[in-house]
Amino acid sequence: MPPRLRKLIGTVLIIILVIVYALVATTVASLTLGTSPWWVHMLYFFFSGLLWILPAMLIIKWMEKPARPKE
């Protein structure tokens, strides 16, 4: 796969990941954290704010693979 196409696909995947992840994280927070103390909210948003980085790193790693030489 050409690097330009891989980067385009990766960029679209990261945008979709961020949108879907934000919606899911917000929904989970609003359904489960309603009566929790402030420090539980802080921990949840801290960890959920960092958790999306793991799949994004995998996508970026895939995007940056060198192109295979044509045989």
| field | Qualifying salt bridge (charged side-chain N to carboxylate O under 4.0 Å, His left out) pairs, either residue in residues 30-54, two or more places apart | value | none
| said: Let me check something: do Val24 and Leu31 share a hydrophobic cluster, defined by ILVMFWY side-chain heavy atoms less than 4.5 Å apart, either directly or through other members? | reply: no
| query | Below 4.5 Å, heavy atoms only, C-beta onward: do Trp62 and Lys7 meet side chain to side chain? | reply | no
| message | Grouping I, L, V, M, F, W and Y whenever their side-chain heavy atoms are under 4.5 Å apart, do Ile15 and Met57 come out in a common cluster? | response | no
| Is any side-chain heavy atom of Leu51 less than 4.5 Å from a side-chain heavy atom of Leu54? | yes
| task | To the nearest 0.5 Å, tell me how far Arg6 CZ sits from Met63 CE. | result | 9.5 Å
| request: To the nearest 0.5 angstrom, please state how far the CD1 atom of Ile60 sits from the CG atom of Leu13. | output: 11.5 Å
| Interatomic distance, Glu64 atom CD to Ile59 atom CD1 [nearest 0.5 angstrom] | 12.5 Å
| Hey, any chance Trp39 and Val28 share a hydrophobic cluster, counting ILVMFWY side chains that come within less than 4.5 Å of each other, even indirectly? | yes
| query | Any link between Tyr21 and Phe45 through a network of hydrophobic side chains (Ile, Leu, Val, Met, Phe, Trp, Tyr) touching at under 4.5 Å? | reply | yes
| request: Could you walk me through whether Tyr44 and Ser36 pass the side-chain contact (heavy atoms from CB on, under 4.5 Å) test, one step at a time? | output: CA-CA 11 Å; Tyr44 175 79; Ser36 300; over 6 Å; no
| said: So, taking the atom named CH2 in Trp38 and the one named CG in Leu33, what distance separates them when rounded to the nearest 0.5 Å? | reply: 14.0 Å
| message | Do Leu23 and Ile16 sit in one hydrophobic cluster, given that two such residues count as connected whenever their side-chain heavy atoms are within less than 4.5 Å of each other, even indirectly? | response | no
| query | What distance separates Ile14 CD1 from Ile19 CD1, expressed to the nearest 0.5 Å? | reply | 12.0 Å
| query | Between Ser30 (side chain) and Thr27 (backbone), is there a donor-acceptor pair under 3.5 Å? | reply | yes
